[in-house]
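Have a look at the structure below, then the notes.
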Protein chains: 4
Amino acid sequence: MPRAAPRTARGNRTRARLVESAEQVFADVGYHDASIVKITEHAGVGLGTFYLYFDGKLEIFDEVVEDLNRRVRHAMAEATEAAPNRIEAERAGFRAFFRFTAEHPALYRIVRQAEFVSPAAFRMHYTRIVEGYIEGLTAARASGEIGDVDPTVAAWVLMGIGELVGMRWVRWAAAGAMDSDSEPGPADTMDVPPDVFDQVMGFIQRGLAAVALDRQDPQDGHHPHDTDDRSDDRTEQT
Amino acid sequence: MPRAAPRTARGNRTRARLVESAEQVFADVGYHDASIVKITEHAGVGLGTFYLYFDGKLEIFDEVVEDLNRRVRHAMAEATEAAPNRIEAERAGFRAFFRFTAEHPALYRIVRQAEFVSPAAFRMHYTRIVEGYIEGLTAARASGEIGDVDPTVAAWVLMGIGELVGMRWVRWAAAGAMDSDSEPGPADTMDVPPDVFDQVMGFIQRGLAAVALDRQDPQDGHHPHDTDDRSDDRTEQT
Amino acid sequence: MPRAAPRTARGNRTRARLVESAEQVFADVGYHDASIVKITEHAGVGLGTFYLYFDGKLEIFDEVVEDLNRRVRHAMAEATEAAPNRIEAERAGFRAFFRFTAEHPALYRIVRQAEFVSPAAFRMHYTRIVEGYIEGLTAARASGEIGDVDPTVAAWVLMGIGELVGMRWVRWAAAGAMDSDSEPGPADTMDVPPDVFDQVMGFIQRGLAAVALDRQDPQDGHHPHDTDDRSDDRTEQT
Amino acid sequence: MPRAAPRTARGNRTRARLVESAEQVFADVGYHDASIVKITEHAGVGLGTFYLYFDGKLEIFDEVVEDLNRRVRHAMAEATEAAPNRIEAERAGFRAFFRFTAEHPALYRIVRQAEFVSPAAFRMHYTRIVEGYIEGLTAARASGEIGDVDPTVAAWVLMGIGELVGMRWVRWAAAGAMDSDSEPGPADTMDVPPDVFDQVMGFIQRGLAAVALDRQDPQDGHHPHDTDDRSDDRTEQT
DNA sequence: AATGAATGAGCGTTCATTCAT
DNA sequence: TATGAATGAACGCTCATTCAT
């Protein structure tokens, strides 16, 4: 039942227009208020045409999520590529992420909606990004560039930071700037202000650093040596 | 048209039952699949009764969000209260937040949906939590307990961490444990595993610490001693 | 999920109007060309009202079939009641059946469509009628009124006769009379012509009679005196 | 607009494949759930090709009915051919009809659906079969093989018997045997059980016989001499 | 002769909301 | 205060049919 892939160049164009339009419409009005008619009208094709290429609303949504995922990861990977070390890589990665968020409001809105619309797609999105992070962090830890942090935990921590900072200084700023539903346009595109960005990166840099701070009162049953990878060498702190 | 507040005790009870039921239903099936009938049935009142107390679906949703917000903040404040210092306060706050998330899946689901359903309620939720954070962090910075971090930025950073770690280790764990749509029940309630929790708190502790790292130039370019110099000067921390 | 039965007198009226309208519309245009809108418009109620009382098109169809079934059986039972013997009962039953068919074109059309629309309802219809027949025929056989025929087989044979004779002389005649889609109206109502009726009843009477024809071997092969011997011994009948 | 007949051998093959496929699909899923795509896919041709040979769905349906009609009549005629007398002819004809029904579920389903899909085709089907019957019965009556029955009435009576007995013991048996939607296959093919068959044929034999049973109470306004062909010679009964 | 991309009227169904009781 | 019958706009989706290739 999955609709056949288009067999002609014309079909390919139509399909692509539909995905683009869907991204636009989902971002603009949200999954639930998006209707197939809105999508097809935006794409300039007939309603029935939609069902030539997609099984339904959910299917095109998943495809849009996948598409966006591919694109953010590409943007982040590209930005990170030339970085001389992990911290610079993080700076570049966050920069790229915020820029992408600013320029593609769709990413943010659509991914967050996916949580309730298509949990599988949602998990896929985060899982793939996490994988990239883990790879980089594992290498950085091995080379001593960063401290002895658990790459998986650190990955989620970093994503959390990116997500809420992006929400506050990119999304909200944009919303405040336009103050209404008017199309944002390139001029309205907001990026995280430099000082905030530096604050954030400072936090991250310290958080990842090979530093351990002394903490004595083990309440709650959790002791410093609960896990194996928080090793003793952390004691040579001040 | 805004509905009058109930004038009788019976009316008060009815209204309260409706809010409770709405929270339950919104959490279970999401805003869009929740219907007024479902809510009134759950509350055991007639359909028409709903409109005696609320203007519509959106209005009761806002009220549910507000209610939840009050409750998380209460839980976190209570947990934080007795903490001897900021770091312990954070530990206690995060602990409380994760517990609340585990025990009230509604909070998580409903708040995240609010972003698209009722942006105003959504902002209100975060803004109020941020206010609490800022207060605590400002005091901690003044007393030298933490480094010279911008309280607002730190607040958002911390919330981001809490949100995604909670998503990964509380929400996903619960989903994995129940493996289906069965009611989670108290037994299935998942908390963040101790080692992960410690990792997270370690990251936060370092991130908030008064560590001076030598990187000061705000631009994203490269600069002289980027590479390994994080370790040495970190010693002059508190 | 089966819709609740109406709780008020008004609701009962609405529901009944819907069933009537559905019968009318299904009979007029057939199940597939009948739409819920047509039914609700005919009933003079809003579209949504339909779904207050029925789960869908199929469900109301089943109900219409059941209703019709009840009514034919009632008509036939009533007609048969006073009959002095089985043969008279059959005459009266067939008469009643043809009259019902003529006056309620719905019965015929709807039941026949049920075969493909709702096989279960279709079988139910025939099964119930068969049960009535079997009862009567079993008694008649026991009392020697009719020959040693298998009541079940005879029941189906009789129904087959009724159905196709009804089709030919009631339905086709009516169709021919109106010659178009115009409403038939009572004047156009056709009954089986008396001579045809008598022919049919004659056939049935002989078929059911305690005639022993000499052909007894059940196999489909050929046997000794196949040819002409039917005539002679038939005389020793009642 | 009626499509041209194919002008090439290839065209002829394509057209024939389409008719075959249509028969299959109509039988499998019914007229209304059959779609042109299903038919063309089954035939292995492109969708557009269909409209090269047929004006639409209805047109190919009519052709399928006509085709089936030709085939049943052929089967029955062939079976009847060698029969030494009318009764044997009936036995052989019914046998053939039941077998055809069992082996070609399509016949049964499609013809019955035709009643609502294409009334003209439906009438044509019965009319043609009736013609065959009338011919045989007229001859039989002339030769005294059967009683003085009206050939037309008898024809419909016989068809009615065949149809409902076939429905009950062929179609329903098959449905019961397969118990689901699985393809019946030759092994599942059901025929009317021998004893039922004999009962049915006994009934028919008596019904057609030159016997008249006395019937005195002319209620209902119909007297023995209502029609001309129920002639007086019927009086020499017991 | 053959194809399949494109179309849109029309379907069954849902649900927030109103209002007479 | 409480009810639930009634409504209809709007949705997702299907499919017979056309037509450019």
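So you know, we letter chains A, B, ... as the sequences are listed, proteins then strands, and number each from 1.
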If we ignore hydrogens and angles and just use 3.5 Å, is the side chain of [X] paired with the main-chain N or O of [Y] as donor and acceptor?
X: C:Ser118; Y: C:Ala114; result: no
X: D:Glu20; Y: D:Arg17; result: no
X: A:Gln113; Y: A:Ile110; result: no

Nearest-Å distance for atom pair [atom1]/[atom2], residues [X] and [N]:
X: C:Leu52; N: F:dG8; atom1: CG; atom2: P; value: 13 Å
X: B:Asp55; N: E:dT18; atom1: CG; atom2: P; value: 9 Å
X: C:Phe50; N: F:dA5; atom1: CZ; atom2: P; value: 16 Å
X: A:Glu41; N: F:dA10; atom1: CD; atom2: C1'; value: 13 Å
X: C:Lys38; N: E:dT13; atom1: NZ; atom2: C1'; value: 17 Å
X: A:Tyr53; N: E:dG4; atom1: OH; atom2: P; value: 12 Å
X: B:Tyr51; N: F:dT1; atom1: OH; atom2: C1'; value: 18 Å
X: C:Arg13; N: F:dA5; atom1: CZ; atom2: P; value: 13 Å

[X] near the nucleic acid: base, sugar-phosphate alone, or nothing, with a heavy-atom cut-off under 4.0 Å?
X: A:Ile36; value: sugar-phosphate
X: A:Ala9; value: nothing
X: D:Thr49; value: base
X: B:Val45; value: sugar-phosphate

query = Quick one: salt bridge (Lys or Arg N to Asp or Glu O under 4.0 Å) partners of B:Glu66, sequence neighbours excluded?
reply =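 With neighbours one apart ignored, the set is B:Arg128.
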request  = Would you jot down, in residue-number order, the residues of residues 57-68 of chain D having a non-hydrogen atom under 4.0 Å from DNA chain E?
outcome  =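 Residues of residues 57-68 of chain D that come under 4.0 Å of DNA chain E do not exist, since none gets that close.
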request  = Would you mind telling me which residue lines up with the more 5' stretch of DNA chain F, A:Ala34 or D:Gly56, judged by nearest nucleotide?
outcome  =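 With A:Ala34 and D:Gly56 compared, the 5'-side residue is A:Ala34.
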ask   = Pick the nucleotide of DNA chain F nearest each of A:Asp33 and D:Gly48; which residue has the one closer to the 5' end?
value =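 Looking at DNA chain F, the more 5' nearest nucleotide goes with A:Asp33.
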C:Leu47 or A:Thr14, whichever maps to the more 5' nucleotide of DNA chain E =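 Whichever sits nearer the 5' end wins; that is A:Thr14.
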key: 5' precedence on DNA chain E between A:Gly46 and B:Tyr31 (nearest-nucleotide basis)   =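 Looking at the nearest nucleotide for each, A:Gly46 comes out on the 5' side.
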Provide the closest heavy-atom pair for [X] versus [Y] in the form atom of the first, atom of the second, distance.
X: C:Thr40; Y: C:Gly46; answer: CG2-O, 3.7 Å
X: A:Asn69; Y: A:His125; answer: ND2-ND1, 2.9 Å
X: A:Lys57; Y: A:His32; answer: NZ-O, 3.7 Å

message = Show me, range against range, the stems involving DNA chain E, built from at least 3 consecutive Watson-Crick or G-U pairs below 3.5 Å.
response =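 Stem segments, range with range: E:2-21 with F:2-21.
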Residue-phosphate contact under 4.0 Å: B:Arg10 side-chain N/O, F:dA2 OP1/OP2 =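 For F:dA2, OP1/OP2 do have a side-chain N/O of B:Arg10 under 4.0 Å.
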message = Can you see whether A:Tyr53 engages A:Glu63 through a side-chain donor-acceptor pair at a distance of less than 3.5 angstrom?
response =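 Per modelled atom types, A:Tyr53 and A:Glu63 side chains form no pair under 3.5 Å.
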inquiry  = Can you classify the ring geometry of C:Tyr31 versus C:Phe61 as parallel (below 30°), tilted (30 to 60°) or perpendicular (above 60°)?
reply    =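 Rings of C:Tyr31 and C:Phe61: perpendicular, over 60°.
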ask   = Can you find a pair of side-chain heavy atoms, one from D:Phe50 and one from D:Val37, that are under 4.5 Å apart?
value =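 They are not in contact (no side-chain heavy atoms under 4.5 Å apart), so the answer is no.
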